[in-house]
There are 4 protein chains.
Amino acid sequence: MIDPLVDNLRIELPSWAFGNSGTRFKVFGTPGVPRNVHEKIADAATVHRLTGLAPTVALHIPWDAVDDYSALARYAEELGVRLGTINSNTFQDDVYKFGSLTHTDKAVRQQAIDHHLACIEVMHQTGSRDLKIWLADGTNYPGQGDIRGRQERLAESLSTIYQHIGAHQRMVLEYKFFEPAMYMTDVPDWGTAYAQVNALGDRAKVCLDTGHHAPGTNIEFIVAQLLRLGKLGSFDFNSRFYADDDLIVGAADPFQLFRIMFEVIRGGALDAGSDVALMLDQCHNVEAKIPGQIRSVLNVVEMTARALLVDRAALTAAQESGDVLGANQIMMDAFYTDVRPALAQWRTDRGLPADPIGAFAASGYQDTINAERTGGTQSSWGA
Amino acid sequence: MIDPLVDNLRIELPSWAFGNSGTRFKVFGTPGVPRNVHEKIADAATVHRLTGLAPTVALHIPWDAVDDYSALARYAEELGVRLGTINSNTFQDDVYKFGSLTHTDKAVRQQAIDHHLACIEVMHQTGSRDLKIWLADGTNYPGQGDIRGRQERLAESLSTIYQHIGAHQRMVLEYKFFEPAMYMTDVPDWGTAYAQVNALGDRAKVCLDTGHHAPGTNIEFIVAQLLRLGKLGSFDFNSRFYADDDLIVGAADPFQLFRIMFEVIRGGALDAGSDVALMLDQCHNVEAKIPGQIRSVLNVVEMTARALLVDRAALTAAQESGDVLGANQIMMDAFYTDVRPALAQWRTDRGLPADPIGAFAASGYQDTINAERTGGTQSSWGA
Amino acid sequence: MIDPLVDNLRIELPSWAFGNSGTRFKVFGTPGVPRNVHEKIADAATVHRLTGLAPTVALHIPWDAVDDYSALARYAEELGVRLGTINSNTFQDDVYKFGSLTHTDKAVRQQAIDHHLACIEVMHQTGSRDLKIWLADGTNYPGQGDIRGRQERLAESLSTIYQHIGAHQRMVLEYKFFEPAMYMTDVPDWGTAYAQVNALGDRAKVCLDTGHHAPGTNIEFIVAQLLRLGKLGSFDFNSRFYADDDLIVGAADPFQLFRIMFEVIRGGALDAGSDVALMLDQCHNVEAKIPGQIRSVLNVVEMTARALLVDRAALTAAQESGDVLGANQIMMDAFYTDVRPALAQWRTDRGLPADPIGAFAASGYQDTINAERTGGTQSSWGA
Amino acid sequence: MIDPLVDNLRIELPSWAFGNSGTRFKVFGTPGVPRNVHEKIADAATVHRLTGLAPTVALHIPWDAVDDYSALARYAEELGVRLGTINSNTFQDDVYKFGSLTHTDKAVRQQAIDHHLACIEVMHQTGSRDLKIWLADGTNYPGQGDIRGRQERLAESLSTIYQHIGAHQRMVLEYKFFEPAMYMTDVPDWGTAYAQVNALGDRAKVCLDTGHHAPGTNIEFIVAQLLRLGKLGSFDFNSRFYADDDLIVGAADPFQLFRIMFEVIRGGALDAGSDVALMLDQCHNVEAKIPGQIRSVLNVVEMTARALLVDRAALTAAQESGDVLGANQIMMDAFYTDVRPALAQWRTDRGLPADPIGAFAASGYQDTINAERTGGTQSSWGA
């Protein structure tokens, strides 16, 4: 019952999801939280060991900066995972208070560009394919910035960075509706990200974070559109009820995740050879972090397996005959089918635990890290 | 105090704003409502006579269909206005229940294409420059349509129509967040409209309706972006609190209209030679229609005049020095300045009534049409 | 596996769902649509015959006005159903253009009050328990009405009507975020409906329409709150992606419907003796109407059955121990369980078709009504 | 031209607005930021000295905790201001991770209750009238908490606190749509706050924070409704484009602030003897803090003065005659009138600087505090 395409599924884990995170009001700490990138990778490798679907770990520079990235890559491989996307950060230095790649001051723009060139350097050493750029650039008040001028400077800065992207590397530009900027964000929607990367070249793509849209936005439409345009580079998976809540993917609206995966499949992004990257980007503020990541991976695979159950031929026939209810029912029949037992078997067949959440609880891993990871400073967004 | 650029302002009136309109619950009729396109044009000409800013009238086909469009154009000119944008309609024939340019049935698509070719024929006779396409195409339920396939068919249909657009004509594609489709709209955002017209050529542009966005969308950003990309064809002006409310432009949020006009000016769209068209698109459900249009024209010119008061040099200096409050205050100072007396003088200087609303009330025009327009059927969206 | 509480489920069907409906742009007709209330009741009875869960039909006055309501009640009973909630209409007469129960003109208010008294008269004859009041009252522009004064007049009008509500009858006040009013709605939220009915007495309650909230509103919270306050009178079930889309309940977000039904159960509203009414209120614009109602009934029962699977004791334990992921998993396990086979058996056990949608298709009912219902005028919102 | 009611205006400043604040991504520091409550009060007193409209300072406990509150009150009075509302904090201790007044654990609830009793103790010493309760309580995932049970525990906790409120003191309960909780907030809307305080007594009121609503919410309606119900205790003024942006009040939508002040006036809340408190609650993330507060005070007084210009008699006449455009124009005429020169004169008449922003810049205050406030830790949300 589980479609073979499920075997193509690869979900990248973000190193920062294992650290502490929170809201502007409070960051609650948790026992066992990693104090450095090595411990984050160890946690990520644990998720992969239990699910078989999370073979790579995304890094965030400078949070995960080390002296020797080749050594870090080897360390990861020893644990059974590889290093993935490199995420830049131009939002936490004081110099970026009024922007980074869009700043009016050429020196600040250059500093932000140089940071990205350093990230590309890291990619050479880690063997990473993707440089992901999410910008906090924007303004809080009308008049604070020149919308048009900022967009021009963004184009120029991205172009400079893009020229340094290697032949087998990609630049992925993420858009976000709002936050931390509250009046105007410089890359607020997929249209802007598309227009910007379209001006650069084939190796510049768009990153779609499922939490970065206006209320009511039909996200699967954007997935279909970007795939059609050949510009969907990657996903940041999470879920939201209100803003960029960064909750566990599929937690807020599993049917939406199902529809997104349906368009991913429909657009060929799960086919062999597809270069669309599926990554998690979540903040586990109040829930346990490693089980939170396991749950996310399971949600993605469950909705993928359900989406693969859609009888595409019957669906097309219903669509072409104007059978609205019939077509909808075909979708819903797939969504409502309980694939969990079949996926448990799928895991067992591959030597994985049938119940990864239970297996983690039984493993004692959490107790071990709670005991071992004392002293030092727990990782958080700032480190 | 009124900047000379105000003299470049031209606001196109929609013929249908003079007819009855309403919600799905009820359309309330009003005395004096036109029964045909000639009476609509007469009302529009009245608005222009009183404001001096509304020299053209947009037509909607087939609502405004006549046998002889050249004669209609002459009729308009005799009244002191010209015929403007031609708006197509592929949403009220039963055959379009499941789509028009995106329909799975080639015959339906061809019918919709043919309608647009007929509209281009009308344009030849009226001397209109712009064919505006707003599509109601979309679906109400997941699975009802194939998102990707519909987009491909849309591209093909638009391409066919575009090939018939004359050398001095333009195709303008309007996007809309939702309604009448409630799950998926085929042109839901500026990104889609941009991607579609970008594939066609220089004479294909985007139409931005100010009421057609998700909650919270920064519209002036899109204005700035489309102007930067050279793809802003025209505006449909109106305002909204919730959905596509089609209220009088500037009524819901005058400061937003001010910011939009600021970006229009910033992007050169009010300069001599600009081809960006400013049109109203409103539904006067409960308010008087002709004064409603006059009020809209006045709101646009008032916010334009305020936006032209922004001290651009001082603004740039404040922006470059990171003076957030200072930059914002420069914007607000312009917005808070009462330009109404100066605009009254501006009108007097041009032989126009200082108070167009009062002049209309005093003119007796409404009484005359109330008395004359009896018998026949009042125009509404359906006719 | 199907909890016995499912046997308490009763879903009221709205007569108007069998008529034509649409958007402000277009109402598409369909073959077989009823031309009068008798045909609507026949269609509703068909839904009940196939599902066993829809024993009552709500009427809308004057759309369903007849001379002899007792005879109509007997007619319904002969078909196996009963007449339910009476819905008033103060939004389609010209006199209500600027309000009904809130109007500044006492004569208009009295007309609206009298209409409700006439509805109570109907209730006496039909044996209906509930008078449901949904008001279109509101304004489109700031200043158009006096918010406070309108609220006072509303309170006075409702009080007058309430005095005529029989000892075994109830008044149910529905709130709605917006539409058809676009700036201010006189009963826009549950707080207003609650404050108004709270001032009246025990037999005044709130009606919660699942499509009548601001984007992002947590509806199950309101369900829990109104049940706690003893003021949840009834539901209007439907679903939405954007505004008041009136789609099939559960179609947009089945997980939301599950959570709502969980709170319904949690709050005792499915217990024997509960007086909370569950009604559908949908507009089948493009889909087949009778199957659309069947699908809605099935969606409600499916989500009810799933919600009843939640292990409440385990859930409480997880909540009290701060086990966020564990508590959530208990909810999700219930939601993800496929209850459809068990519900098919539940139906078979009760002499109902296992597959009501399939049974309807096989019954030939649609062909029969398509053939029989020719001539006359199809029912729509206006009739 | 400035209505005498303006003299009744009193705007309370929040001590925390003078400290550093930011988003979850980054808090940017600024020179001169206070390091303790005394310096915050000094800054607040500066705002009052320049505007004459900000005579009180709200404190936040424990951020502003001191040993001797009577001494603090005297210190404030020496600087020309008084201590105002006491704001409690049950969202930054680790024990509150899963709730405070709603927590399942009685000991945690008691700790939160005790904190409020301590706040009441502070009020006795400072002479403050209002205890303001904003709760971060809520859940991030469906199932995490029992919505109904949490509401019951909230009612019980509030009742306990309320019993300790002095005869001349008030409890003010603030609602918030979301954040920091992302699925369910325990006091998410005015209806909940109203139902809760209504159960307590006359000295329990609702606090309306203008940034705490769902997108599209008509805030002036809630103002009118709460005033009508006698339950509007206080405002937290700020503005928003997206979520709880906490921007300068009036910055995002000055017309909305005008409409709110119109309802404040309409409902008598600016009359002598009114007990409705107007407070600012803003986070100056990127702008200068003291000028930011001055700007906010000026925005409130400017919109108040404009709202007082509305010709109420003419408005009523237009409303009663169904003159939609006329009634709206009366509102807009007031809004569009530039009251700034008259307010400058109003200030001069009272011995205040005509231009408070300019006077602040000229005063050298900022340079002085930049120089003096070195060493120590700048105040922020956490201290």
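Per chain, numbering begins at 1; letters A, B, ... match sequence-line order.
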Run through T304(A), V223(A), V276(A), L232(A) and flag the one making a side-chain contact (heavy atoms from CB on, under 4.5 Å) with V264(A).
V223(A)

So W134(B) and H212(B), would you call those rings parallel, tilted or perpendicular, with 30° and 60° as cut-offs?
tilted

Does any non-hydrogen side-chain atom of Y175(B) lie less than 4.5 Å from one of V206(B)?
yes

If we define contacts as heavy-atom pairs under 4.5 Å, which of R259(B), Q329(B), E263(B), R266(B) has the most with chain A?
R266(B)

When only pairs under 4.5 Å are counted, which of P215(A), A318(A), A193(A), A199(A) shares the most heavy-atom pairs with chain B?
P215(A)

Any side-chain heavy atom of M171(B) sitting closer than 4.5 Å to one from L158(B)?
yes

Using the salt bridge (charged side-chain N to carboxylate O under 4.0 Å, His left out) rule, pick out the option among D209(B), D246(B), D244(B) that qualifies with K176(B).
D244(B)

Is N218(B) close to chain A through its backbone or its side chain, or both, or neither, when contacts mean heavy atoms under 4.5 Å?
side chain

Cationic tip of R240(A) above Y242(A) ring, under 6.0 Å, 45° of axis
no

Filtered by a 4.5 Å non-hydrogen cutoff, the part of residues 96-113 of chain B contacting chain A is F98(B), T104(B)

Answer with side chain, backbone, both or neither: which region of T185(B) has an atom nearer than 4.5 Å to a non-hydrogen atom of chain A?
backbone

Among I330(B), L229(B), D189(B), N140(B), which residue has the highest count of heavy-atom pairs closer than 4.5 Å to chain A?
D189(B)

When you measure from the side chain of N238(A) to the backbone of V249(A), do you find a donor-acceptor pair of N or O atoms at a distance under 3.5 Å?
no

Per-residue contact mode, Q225(B) against chain A (heavy atom under 4.5 angstrom)
side chain

Report the option among Q151(B), Q144(B), R148(B), E220(B) that has the most heavy-atom pairs separated by less than 4.5 Å from atoms of chain A.
R148(B)

So which of Y194(B), Y141(B), F262(B), Y183(B) has the largest heavy-atom pair count under 4.5 angstrom toward chain A?
Y183(B)

Which atoms of Q196(A) come close to chain B, meaning under 4.5 Å heavy atom to heavy atom: side chain ones, backbone ones, both, or neither?
side chain

Is the shortest heavy-atom distance from the side chain of L315(B) to the side chain of Q319(B) under 4.5 Å?
yes

What part of L227(B) gets within 4.5 angstrom of chain A, counting heavy atoms only: side chain, backbone, both, or neither?
both

Any donor-acceptor pair under 3.5 Å from D245(A) side chain to F241(A) backbone:
yes

Output the option from M184(A), R228(A), E152(A) having the highest count of non-hydrogen pairs under 4.5 Å with chain B.
R228(A)

What is the ring orientation for F255(B) with F335(B), classed by angle as parallel under 30°, tilted 30 to 60°, or perpendicular over 60°?
tilted

Flag side-chain contact, heavy atom, 4.5 Å: P188(A) against F178(A):
no

